[in-house]
Amino acid sequence: MTVRVVAFARLRELLGFSQCEFDLPDGARVDDAWDVLVAGVPAIADLRASTRIACNGGVTEGARALRDGDELALLPPVGGG
Amino acid sequence: MTVRVVAFARLRELLGFSQCEFDLPDGARVDDAWDVLVAGVPAIADLRASTRIACNGGVTEGARALRDGDELALLPPVGGG
Amino acid sequence: MNRFAVSEHPLDAAVLENLVCDDKCGGLVTFSGIVRARSDDGRDVSGLAYEAHVELAIAEFEQIAREAGERFGECAIAIHHRIGDLVVGETAVVVVVAAAHRAATFDACRFAIDALKERAPIWKREAFVDGTTEWRENRCTDEAPG
Amino acid sequence: MNRFAVSEHPLDAAVLENLVCDDKCGGLVTFSGIVRARSDDGRDVSGLAYEAHVELAIAEFEQIAREAGERFGECAIAIHHRIGDLVVGETAVVVVVAAAHRAATFDACRFAIDALKERAPIWKREAFVDGTTEWRENRCTDEAPG
């Protein structure tokens with residue numbers, strides 16, 4: 001299946017993309033998608049604890065099973081206002 | 001001596017003037033000026049407790065001795081904002 | 001334009017905001033008190049008439065701003081109050097506070113409008129749709145507008 | 001114009017005030033968060049860049065407004081946040097609250113800006129006069145601007 005990942009702020013800069021599509025094996029969960037990203041850019045590994053991940057517009061858990069066409073948004077600690 | 005009295009809001013309406021000059025005997029105090037006003041318009045008598053009186057721009061006491069040319073401002077309970 | 005004013009002219013919050021904001025300003029809080037269509041006791045209001053002891057009112061605004069600075073730290077404050085006849089929807093008072101951080105701006109703005117309503121020599125006569133009028137005193141600490 | 005927006009265009013508090021104010025409105029509180037010339041750690045700032053997850057941010061603004069209504073009673077709220085590159089003195093965020101009485105307007109406005117800084121998916125990169133940049137997180141509850 002294909003999952004779109006959108007990244008913001010520091011994570012966007014470290015990953016080198018604003019949005020990118022990834023092919024993941026069927027049955028992959030949110031945590032698996034993160035692991036794929038870390039394999040490409042190990043520098044983001046330490047940021048997992050502070051990063052919220054939204055799936056299709058709602059914040060979600062790492063154990064959530066992904067489906068083809070899902071969009072994951074990587075949300076670092078916020079700084080608005 | 002001559003003292004100018006300026007009145008606001010309900011007191012202005014009851015007294016029938018925004019400002020007026022009064023001749024007072026030498027030695028008159030703020031309370032004496034009020035008594036002259038009450039003699040003319042008894043309906044204001046009950047308003048003394050809720051009325052602050054300013055002399056020449058500063059709130060003052062009833063016992064203050066007046067001087068020729070003083071300006072007394074009669075300030076009912078406020079309603080600004 | 002002075003930071004503290006009592007005027008028959010319509011109030012413009014943007015003008016006051018420009019008076020107080022400089023490049024140290026990170027937060028800006030503006031309170032506008034507006035003439036409502038319904039009074040606190042539920043009557044239909046056609047308009048308000050304000051009058052003031054202008055000189056004393058401006059001195060009171062200045063004093064309130066000084067006290068706000070003492071209580072909440074360095075902040076820039078402007079206060080303008082309208083007098084004369086106002087219709088529903090018009091702005092009776094604007095209080096603007098600028099400071100480096102937002103906590104002080106909120107605290108100082110609220111303090112200033114509360115103090116203004118309590119102390120400033122300004123009077124309000126409500127005119128009702130039924131043709132009657134009434135002088136309104138600020139008995140409690142949260143009457144609107146202001 | 002929507003009450004809740006994230007936009008690259010300059011913000012105009014007066015536009016938001018008109019969105020929320022009707023003839024029941026007696027008090028109107030506007031918070032503007034402005035780009036300061038000096039950061040919290042004392043460095044000279046040349047500008048800020050904001051980015052946002054626009055869809056999620058607007059949903060969060062709507063949620064914050066609902067919560068404010070539940071906590072502080074009926075009030076009308078508008079929240080606009082700027083994204084893109086801002087220079088010192090520009091407005092990054094405007095929160096406007098209108099209600100019948102002023103206590104609710106102050107409480108709801110402060111709640112909304114605090115909640116926005118804590119939760120809204122918006123990020124800020126400070127650019128300094130010395131040429132460096134830094135992503136800034138809202139660690140405490142009173143960082144400026146906003």
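This one's a predicted model, so the numbers in the text were calculated from it and none came from an experiment. These numbers come from the heavy atoms of this one structure, side chains and all, not from hydrogens, waters or symmetry mates. Numbers restart at 1 for each chain; the letters A, B, ... are given by sequence-line order, proteins then strands.
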**Report entry** Contacts of residues 54-68 of chain D with chain C (heavy atom under 4.5 Å)
**Finding:** none
Query raised in the report: Are D114(C) and R102(D) close enough for a salt bridge, meaning some N to O gap below 4.0 Å?
Result: yes
Query raised in the report: Under a 4.0 Å N-O cut-off, is there an ion pair linking D22(C) with R36(D)?
Result: no
**Report entry** R110(D) side chain reached by D107(C) side chain, heavy atoms, under 4.5 Å
**Finding:** yes
Query raised in the report: Under a 4.5 Å cut-off applied to non-hydrogen side-chain atoms, are F106(D) and I113(C) in contact?
Result: yes
Report task. Tell me, for V29(D) versus chain C, whether the close heavy atoms (under 4.5 Å) come from the side chain, the backbone, both or neither. Result -> both
Report task. Locate the shortest heavy-atom distance separating I34(C) from C21(D); write the atom from each residue and the value. Result -> CD1-SG, 3.5 Å
Query raised in the report: How many angstroms lie between OG1 in T30(C) and CZ in F31(D), if you round to the nearest 0.5 Å?
Result: 10.0 Å
Query raised in the report: Given the rule in the side chain to side chain contact (heavy atoms under 4.5 Å, CB included) test, do H101(C) and D40(D) qualify, once you have shown the distances and angles that lead to the verdict?
Result: CA-CA 10 Å; H101(C) 294 277; D40(D) 283 326; 2.9 Å; yes
Query - Part of T91(D) within contact of chain C (heavy atom distance under 4.5 Å) - result: neither
